Amino acid sequence: MIFMLAGTSDARALALEIKKAGYSLLTTVVTENAASEMRQVGIDVRTGRMTDQEMADFIQETGVQVIVDASHPFAEEASKNAIRAGQQAQIPYIRYERESQEFAYENMTVVSSYEEAAEAAAKKKGVVMLTTGSKTLQIFTERLVALPDIRLIARMLPRTDNMEKCEKLGLPQKNIVAIQGPFTKELDKALYNQYGVTTMITKESGKVGSVDEKVEAAKELGIDIILIERPKMEYGRMYSQFSDVIKALEEVYG
């Protein structure tokens, strides 16, 4: 059996390709919403975060033969846990990661961490739209909410826990955009215009994450961009095409 870290739309599509190729697999996701989407397409799924030890124990108990890590490019801790679990269980680890994108824009600042992004935004004035999700929201609220010349707008998934987190961190309701993508360039422009955005913060999540749409919309409006680079990790065997993952599985299974 294949144990696959999933949760994104492209991971779900890859899981379907693996299943069509005749392999038995179990996917693991963090949220019940992602689990529901997996079940809708007939993919077995478990829900909840796992430590490396929990993952290693699960592999031993269920006879997993290979790990396919198709988690989000910024799910760094999940990937580290999967790599360690694979090493402990002595089974192959295969990484699928959507292709990176490069952008040319004179008003773009590229940083390597959320903290750097928050510090870069703190040096600016105006309206900052955060499009990096809720997980690292506190990093930005701690540095930006109290600044008199900055209004922080957070765009995130419309989940109850996200709204509760915003309230706890002191982000006013009027500064929350609760919406689920994918987003078109036109919708991004409309949101930027609606809130008078002068700076947009995003992660380099790839085309599947509609980063190019966000960037192009900002460029057309002359909005500053702060782009967070992907975590630098040594994955070992890594692919960006579904077909290459299937070939790697064929090699593993002989």
Side-chain angles (χ1 to χ4, degrees), residues 1-19 21 23-31 34-35 37-38 43-101 111-117 132-136 139 203-209 211 228-254:
M1 183 175 71
I2 296 166
F3 186 61
M4 180 176 175
L5 280 68
T8 62
S9 59
D10 50 337
R12 187 166 62 253
L14 174 58
L16 280 171
E17 289 300 311
I18 292 173
K19 185 177 180 181
Y23 296 103
S24 172
L25 81 157
L26 172 69
T27 59
T28 179
V29 299
V30 174
T31 67
E37 292 183 347
M38 282 293 184
I43 300 293
D44 291 334
V45 62
R46 69 169 301 284
T47 310
R49 301 183 189 278
M50 300 177 79
T51 65
D52 54 348
Q53 188 60 55
E54 288 171 339
M55 207 177 294
D57 291 343
F58 179 83
I59 288 168
Q60 296 286 6
E61 293 166 5
T62 57
V64 169
Q65 295 167 288
V66 59
I67 297 172
V68 174
D69 177 10
S71 59
H72 191 277
F74 281 80
E76 186 177 5
E77 193 59 34
S79 292
K80 287 179 178 177
N81 287 340
I83 291 170
R84 287 193 289 261
Q87 291 171 342
Q88 185 171 332
Q90 296 183 326
I91 63 171
Y93 167 92
I94 297 170
R95 170 65 170 167
Y96 164 78
E97 186 166 292
R98 60 183 70 157
E99 292 182 351
S100 277
Q101 294 175 291
V111 298
S112 59
S113 70
Y114 297 100
E115 289 79 7
E116 284 185 39
T132 57
S134 62
K135 187 177 179 181
T136 57
I139 294 172
K203 299 181 291 190
E204 200 284 278
S205 300
K207 189 173 181 61
V208 177
V211 177
I228 305 170
E229 293 179 309
R230 294 185 185 184
K232 292 178 173 60
M233 287 189 57
E234 292 295 331
Y235 292 106
R237 189 184 297 190
M238 185 175 79
Y239 306 99
S240 296
Q241 301 297 326
F242 290 179
S243 58
D244 291 332
V245 174
I246 301 297
K247 287 178 183 176
L249 290 172
E250 290 172 356
E251 292 175 8
V252 169
Y253 282 93

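Atom set for the values below is all heavy atoms of this structure, side chains included, hydrogens, waters and symmetry mates excluded. Not measured: the values here are computed from a predicted model.
Here the CG atom belonging to L5 is positioned 7.5 Å from the CD1 atom belonging to I67, to the nearest 0.5 angstrom. Expressed to the nearest 0.5 Å, how far CD1 of I94 lies from CD1 of I18 amounts to 8.0 Å. Atoms OG1 and CZ, on T51 and R49 in that order, are 12.5 Å from each other to the nearest 0.5 Å. For the atom pair CD (Q90) and CD1 (I59), the distance works out to 11.5 Å, reported to the nearest 0.5 Å.
A search for side chain to side chain donor-acceptor pair (under 3.5 Å) contacts involving E204 returns S100, R230, not counting sequence neighbours. Partners of S112 under the side chain to side chain donor-acceptor pair (under 3.5 Å) rule, at least two apart in sequence or in another chain, are E116. Checked against salt bridge (charged side-chain N to carboxylate O under 4.0 Å, His left out), E229 has the following partners two or more places apart in sequence or in another chain: K232. With sequence neighbours excluded, the residues satisfying salt bridge (charged side-chain N to carboxylate O under 4.0 Å, His left out) with E17 are K20. Under the side chain to side chain donor-acceptor pair (under 3.5 Å) criterion, R46 pairs with T28, not counting sequence neighbours. Y114 meets the ring pair (Phe, Tyr, Trp, His ring centres under 6.0 Å) test with no other residue; sequence neighbours excluded.
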For a quick test of your reading: what N or O donor-acceptor pairs under 3.5 Å do the side chains of residues 69-88 make, sequence neighbours left out?
from, atom 1, to, atom 2, distance (Å)
D69, OD1, S71, N, 3.1
D69, OD1, S71, OG, 2.6
D69, OD1, R95, NH1, 3.1
D69, OD2, S79, OG, 2.7
D69, OD2, Y93, OH, 2.6
D69, OD2, R95, NH1, 3.4
S71, OG, S79, OG, 3.3
S71, OG, R95, NH1, 3.1
H72, ND1, F74, N, 2.9
E76, OE2, K80, NZ, 3.4
N81, OD1, R84, NH2, 2.8
N81, ND2, M50, O, 3.3
N81, ND2, E77, O, 3.4
R84, NE, D52, OD2, 2.9
Q88, NE2, Q53, OE1, 3.3

Extract all donor-acceptor atom pairs below 3.5 Å that involve side chains of residues 235-251 and protein atoms in other chains or at least two apart in sequence.
from, atom 1, to, atom 2, distance (Å)
Y235, OH, E97, OE1, 3.4
S240, OG, E97, O, 2.9
Q241, NE2, E99, OE2, 2.9

Practice prompt. Kindly determine whether K203 and V211 satisfy side-chain contact (heavy atoms from CB on, under 4.5 Å), including the steps that lead there.
Written response: CA-CA 8 Å; K203 299 181 291 190; V211 177; over 6 Å; no

Discussion item. Between I2 and V66, does the side-chain contact (heavy atoms from CB on, under 4.5 Å) criterion hold? Intermediate values first, please.
Written reply: CA-CA 5 Å; I2 296 166; V66 59; 3.4 Å; yes

Practice prompt. Start with the C-alpha gap between V29 and E37, add the side-chain angles, then the distance that decides, and say whether side-chain contact (heavy atoms from CB on, under 4.5 Å) holds.
Written response: CA-CA 10 Å; V29 299; E37 292 183 347; over 6 Å; no

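At least one side-chain heavy atom of I43 sits less than 4.5 Å from a side-chain heavy atom of K19. The closest side-chain heavy-atom distance from Q65 to V252 is not below 4.5 Å.
The nearest pair of heavy atoms linking L25 to D44 is O-CB, 3.9 Å. Nearest heavy atoms, M38 versus A6: CE-CB, 3.3 Å.
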